[in-house]
Amino acid sequence: MYSVFIVDDEMIVREGLRRKIDWEHSDFTFAGEAGDGEIALSMIQDIKPDILITDIRMPFMDGLELAKTVKKLQPWIRIIILSGHDEFDYAKQAISIGVEEYLLKPFTLEDVTGSLSKIAASLDRQKQEFSDISRLKSELESSNVLAREKMLGDLVLGVLDSSTAIQKAADFNINLISHYYIVSVSEIHPKDGDVNHLIASKSYIMSFANDRTDMIGFFISPNTFVSIIKGSEKELCEEDAFAIADSLKHEVSKAEGTTLVTAIGSAVEHTANITKSFREASEILKQTNFVDKNKIISANDISKKEDTPIVLQENDPLVDRLNYADESEIDQIITEYISLLGENTEHFSIIASYLLVDVIMAVSKVIEDLGGDVKVVMPEILSHSFVDNAVQNQDVFIKEIKRVLTMLITFRNSRVQGRYADIILRAKKYIETNYANPDICLRTTAEAVHFSPNHFSTIFSQDCGVTFIEYLTGIRVEQAKKLLRNSEMKSADIAYEVGFNDPHYFSFIFKKVTGMSPREWRNKE
């Protein structure tokens, strides 16, 4: 199934496409719609559809500008342009941007479904091509690719000086010169360690990277991909780093069950400092413990303060692990500790005491590194009575370690994500205050909390477990339920009251979320 997003300033066009295409019995799903390019861009960044259908003439941002921006931020999206102008210049611009289909108005339903089918067939062929594992493997192992990877590996590891690096890069037609650089390191985790999934993922990634001029990508190890992002401005470079990480995650998701964890270093100037950004990202990645979930982490995400360098402990493995573990991993950590106790029950309390002190020391270190004081956060774990009580027997030992680790993770999350917890809180307050404004979107909310859209989108979805659009829609639907339950307002009026410009679209979304139309829901209540 391929998701489709529709943009047109004419409500009748959007409604016609939404209602007349038989979404339920086709290979496509309706992802959403917008009435102008500017709002559409914000929604597309969050929804990430497969196909975009857009009018060419719209207020604020026209279809060509929207298509150009979308192709830069989310290059996998296929685009269909709708135009009321049979002008060669428009078509030529669309082709140069990479638009797949160009339909002249008035168009028929068959024209649109035909274009959708053509794009779907192209996407299916691409999937088929990437299922030829032997061919993909030979491409990835060609001598030219390996030589290029060796050269770039030497660059990020600091083996090459700046002038040599620039010259050697030129030999591979790589333009290394830029004002700012950010290095991100991505680790692929194929489902069940399947080598074929790994090869397919690598090919998807390289296909994406080869089409970019603002990044240099290569594999430094079989499952580790390095991106060197270039930019003329620091802020734009950071924004591109998040957009590229998001695109890589999308590419890897094509290999079913495969996940990607990406760590983003800080922005640096001069090629000589590329290795600094690389090492920073590598250290972050080394200490993460996400295998079965997608994750994007930047250097800024784990800095304790704006002016404080990242401090990463390397001595104590448990400290390293507790820096990134989540609650789902506590049982695994405890199981590993229990295994160290062995079968020697006679000396249980002695061995358990040593292990518990090890845990207390690691917990204290993590709290201290986060700017806290264990005497304030968990004073009880420093007492002899706590240790004596905890090592009575194995059940109590497990219970107390679990309690301590849970408290630590709660404290760590409040500190490590404290800066972002505040951002998320302010964003939610902004949404709850402005949900009735039809112009509220990812971009306006990101601006309200002084964040770039891509970075805000990443931290919001990772922190909240839902995308910005899903959260906003949830707020609007809940408010609509209250009005349906407690007022005599018509459904169309409620639609406008909660921020929808189109009552039909409101009904569509309401039914998609609740399984019932607004009228059915009101009658049920």
Side-chain angles (χ1 to χ4, degrees), residues 31-36 38-48 60 73 235 238-239 242-243 246 295-298 300-307 326-327 370-372 409-487 489 493-502 505-506 509-510 512-514 518:
E33 65 178 61
D36 69 69
E38 199 168 308
I39 291 177
L41 179 61
S42 183
M43 294 177 71
I44 291 165
Q45 280 182 275
D46 202 44
I47 293 172
K48 300 174 180 59
F60 306 112
L73 295 175
E235 291 74 17
E238 290 172 344
E239 179 76 349
F242 275 91
D246 203 41
K295 192 78 173 177
I296 299 172
I297 311 167
S298 79
N300 293 331
D301 293 338
I302 65 170
S303 295
K304 296 190 291 293
K305 296 178 183 177
E306 291 289 341
D307 56 351
D326 57 33
E327 286 194 43
L370 293 170
I409 289 172
T410 301
F411 173 78
R412 183 206 64 196
N413 290 348
S414 72
R415 288 300 181 96
V416 175
Q417 299 172 6
R419 175 178 162 205
Y420 294 130
D422 179 59
I423 296 296
I424 298 300
L425 192 63
R426 284 195 283 129
K428 287 182 174 179
K429 187 173 182 180
Y430 178 83
I431 294 167
E432 286 162 13
T433 304
N434 296 280
Y435 70 86
N437 181 352
D439 294 332
I440 185 176
C441 60
L442 177 71
R443 179 186 54 77
T444 58
T445 307
E447 286 176 357
V449 296
H450 309 295
F451 255 63
S452 67
N454 275 320
H455 195 176
F456 173 72
S457 175
T458 298
I459 65 170
F460 189 92
S461 60
Q462 290 183 168
D463 190 273
C464 301
V466 293
T467 67
F468 169 82
I469 292 295
E470 288 170 338
Y471 185 83
L472 173 61
T473 300
I475 293 289
R476 285 173 165 170
V477 168
E478 287 305 312
Q479 293 300 320
K481 285 180 180 178
K482 290 179 183 178
L483 293 173
L484 286 167
R485 183 189 301 117
N486 302 318
S487 77
M489 291 175 66
D493 294 330
I494 290 175
Y496 294 119
E497 187 73 19
V498 299
F500 288 90
N501 275 327
D502 180 356
Y505 183 49
F506 161 68
I509 292 296
F510 191 93
K512 189 175 180 180
V513 172
T514 67

task = Could you please spell out the steps behind the side-chain contact (heavy atoms from CB on, under 4.5 Å) verdict for Asp439 and Phe60?
result = CA-CA 12 Å; Asp439 294 332; Phe60 306 112; over 6 Å; no

task = Evaluate salt bridge (charged side-chain N to carboxylate O under 4.0 Å, His left out) for Glu478 paired with Lys481, printing each intermediate quantity in order.
result = CA-CA 5 Å; Glu478 287 305 312; Lys481 285 180 180 178; 3.2 Å; yes

Test log, rule side-chain contact (heavy atoms from CB on, under 4.5 Å), inputs Glu238 and Ser298 = CA-CA 10 Å; Glu238 290 172 344; Ser298 79; over 6 Å; no

ask   = Does the side-chain contact (heavy atoms from CB on, under 4.5 Å) test come out yes or no for Ile440 and Thr445, once each step is laid out?
value = CA-CA 7 Å; Ile440 185 176; Thr445 307; 3.8 Å; yes

inquiry  = Under the criterion side-chain contact (heavy atoms from CB on, under 4.5 Å), I'd like the reasoning laid out for Cys464 against Ile424: C-alpha separation, chi angles, the key distance, then a yes or no.
reply    = CA-CA 8 Å; Cys464 301; Ile424 298 300; 3.7 Å; yes

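To the nearest 0.5 Å, the span separating CZ on Arg426 from NE2 on His450 amounts to 6.0 Å. Atoms CG and NZ, on Asn434 and Lys429 in that order, are 11.5 Å from each other to the nearest 0.5 Å. With rounding to the nearest 0.5 Å, the separation of CZ in Arg443 from CD in Glu38 is 4.0 Å. If you take OH on Tyr496 and CG on Asp502, they are separated by 7.0 Å, rounding to the nearest 0.5 Å. Taking CZ of Phe451 as the start and CZ of Phe456 as the end, the distance is 9.0 Å to the nearest 0.5 Å. The structure places CG of Leu41 at 11.5 Å from CG of Asp46, a figure rounded to the nearest 0.5 Å.
A donor-acceptor contact shorter than 3.5 Å is absent between the side chain of Ser42 and the backbone of Ile39. Judged by distance alone, with hydrogens and angles left aside, the side-chain atoms of Gln462 form no donor-acceptor pair with the main-chain N or O of Lys295 at under 3.5 Å.
Within the 4.5 Å cutoff, no side-chain heavy atoms of Ile469 are placed close to those of Leu442. Using a 4.5 Å heavy-atom threshold, the side chains of Leu484 and Phe510 count as touching. Counting heavy atoms from C-beta outward, Lys48 and Asp246 have side chains that approach closer than 4.5 Å.
The minimum heavy-atom distance between Met43 and Glu33, with the atom names listed, is CE-O, 3.5 Å. Heavy atoms only, all atoms of each residue included: Arg476 and Tyr435 are closest at NE-O, 2.9 Å. For the residue pair Val498 and Ala480, the shortest heavy atom distance occurs at CG1-N, 3.8 Å. Taking each heavy atom of Asn454 and Ala243 in turn, the nearest pair found is ND2-CB, 3.4 Å. Closest approach of Phe411 and Gly372 over heavy atoms only: CZ-CA, 4.0 Å.
Ring orientation note: the planes of His455 and Phe242 are close to parallel, at an angle under 30° on the 30°/60° scale.
Side-chain contact annotation: Ser457 with Gln45, donor-acceptor N/O pair under 3.5 Å absent.
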